[in-house]
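Heads up, the thing below is written out as structure tokens.
Residue numbers start at 1 and run along the sequence shown.
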Amino acid sequence: SVSAIPSVAPSTSNAPSSNPSSHLDREFTIRSVFTLFDQSRNWCLTAMEKGMNSKIKVRPCVAYDETGRSGNLQLWKRNEHGQLLLAGPTMNEWCLKSLSKAVFLDNCSSGSTVPEDERFDVVNNRVVQVKNTKTWYVGFDPSRRFSSQYLYKSGSLNDSIDKYRITYADDAKFGTP
């Protein structure tokens, strides 16, 4: 005979998962795999400082432990408004922004409506911004690979714009090239 009563009560747990379930909760680096960089190292999209109008460049990746997180200039996260902001404990939230074609770090706008120049995503190995109904990609002048990041129009032949990869901080490969 088959009983309709389960033989074991289901178990529940109040402990959170070790990995965040939402992409909004996950911290990551945006790495460039542009071939003109030394391939024995990892290269990350880096804010030059935590401050208004701070330039964004590609620099060697730096490891951040829990005690050094306040100095983070390379670890990013997303929020529900489409902003890319520096991760870690900060008094102010610093976001990626653009003005004309320049890309820089600045204070995040608050509220439910965020201007187009503060919304970025990483799609198909590109850091993308859509503003004024046009698609723009973040990149740099390949002949000056250590220069600041700028926006390039969709269709650009710039070799740097499709060479970005997200590496999540909770990924086992986080510290490897």
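Counting heavy-atom neighbours within 6.0 Å of Asp38 CG, excluding the residue itself, gives a total above 12. Lys55 NZ: 12 or fewer foreign heavy atoms inside a 6.0 Å radius.
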ask   = Going through the distances and angles, do Thr46 and Gln74 end up as a side chain to side chain donor-acceptor pair (under 3.5 Å)?
value = CA-CA 5 Å; Thr46 306; Gln74 298 177 334; 2.9 Å; yes
request  = May I have the step-by-step check of side-chain contact (heavy atoms from CB on, under 4.5 Å) for Leu151 and Val138, ending in yes or no?
outcome  = CA-CA 5 Å; Leu151 295 177; Val138 173; 3.8 Å; yes
inquiry  = Between Phe28 and Ile166, does the side-chain contact (heavy atoms from CB on, under 4.5 Å) criterion hold? Intermediate values first, please.
reply    = CA-CA 6 Å; Phe28 54 89; Ile166 285 184; 3.6 Å; yes
message = Is there a side-chain contact (heavy atoms from CB on, under 4.5 Å) between Asn107 and Glu93? Walk through the geometry before answering.
response = CA-CA 6 Å; Asn107 289 317; Glu93 290 191 332; over 6 Å; no
Verdict with supporting geometry, Phe140 and Phe34, ring-ring contact (aromatic ring centres under 6.0 Å, His included) = CA-CA 10 Å; Phe140 52 88; Phe34 189 65; 5.3 Å; yes
task = With side-chain contact (heavy atoms from CB on, under 4.5 Å) as the test, would you mind laying out the steps for Met52 and Leu105 before giving the verdict?
result = CA-CA 6 Å; Met52 292 180 63; Leu105 193 70; over 6 Å; no
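To the nearest 0.5 Å, atoms CD (Glu49) and CG (Leu73) are separated by 8.5 Å. One finds the CZ atom of Arg165 at 12.5 Å from the CG atom of Asn42 (value rounded to the nearest 0.5 Å). In this structure, CD in Glu27 is found 13.5 Å from OG1 in Thr167, a value given to the nearest 0.5 Å.
Looking at residues two or more places apart in sequence or on another chain, you find no side chain to side chain donor-acceptor pair (under 3.5 Å) involving Thr113. Under the rule for a side chain to side chain contact (heavy atoms under 4.5 Å, CB included), the partners of Glu116 that lie at least two apart in sequence or sit in another chain are Arg119, Lys131, Asn132. Every residue meeting the side chain to side chain contact (heavy atoms under 4.5 Å, CB included) condition with Asp121, not counting sequence neighbours, appears here in chain and number order: Arg78, Val123. Checked against side chain to side chain contact (heavy atoms under 4.5 Å, CB included), Leu99 has the following partners two or more places apart in sequence or in another chain: Phe104.
Between the side chain of Gln129 and the main chain of Asp117, a donor-acceptor pair closer than 3.5 Å is present. Ser54 places a side-chain N or O within donor-acceptor distance of the main-chain N or O of Met48, the cut-off being under 3.5 Å.
Legend: salt bridge (charged side-chain N to carboxylate O under 4.0 Å, His left out) pairs involving residues 139-164, not counting sequence neighbours: none detected. Applying the salt bridge (charged side-chain N to carboxylate O under 4.0 Å, His left out) test to pairs two or more places apart or on separate chains, those with a residue in residues 97-111 are Lys97-Glu118.
Taking hydrophobic clusters as Ile, Leu, Val, Met, Phe, Trp and Tyr residues chained together by side-chain heavy-atom distances below 4.5 Å, Ile56 shares a cluster with Val122. Using a 4.5 Å cut-off between side-chain heavy atoms of Ile, Leu, Val, Met, Phe, Trp and Tyr, with links allowed through other members, Val128 and Leu85 fall into different hydrophobic clusters. At a threshold of 4.5 Å between side-chain heavy atoms, the hydrophobic network of Ile, Leu, Val, Met, Phe, Trp and Tyr places Tyr137 and Leu84 in two separate groups. Leu45 and Ile161 fall into different hydrophobic clusters, where Ile, Leu, Val, Met, Phe, Trp and Tyr are joined by side-chain heavy atoms under 4.5 Å apart, directly or via other members. Connection of Leu36 to Phe146 is established within a shared hydrophobic cluster, with ILVMFWY side chains joined at heavy-atom distances below 4.5 Å, either directly or through further cluster members.
In this model, no donor atom of one side chain and acceptor atom of the other lie less than 3.5 Å apart for Ser156 and Asn158.
Aromatic ring pairs are classed by plane angle as parallel below 30°, tilted from 30° to 60° and perpendicular above 60°; the pair Trp43 and Phe37 is parallel.
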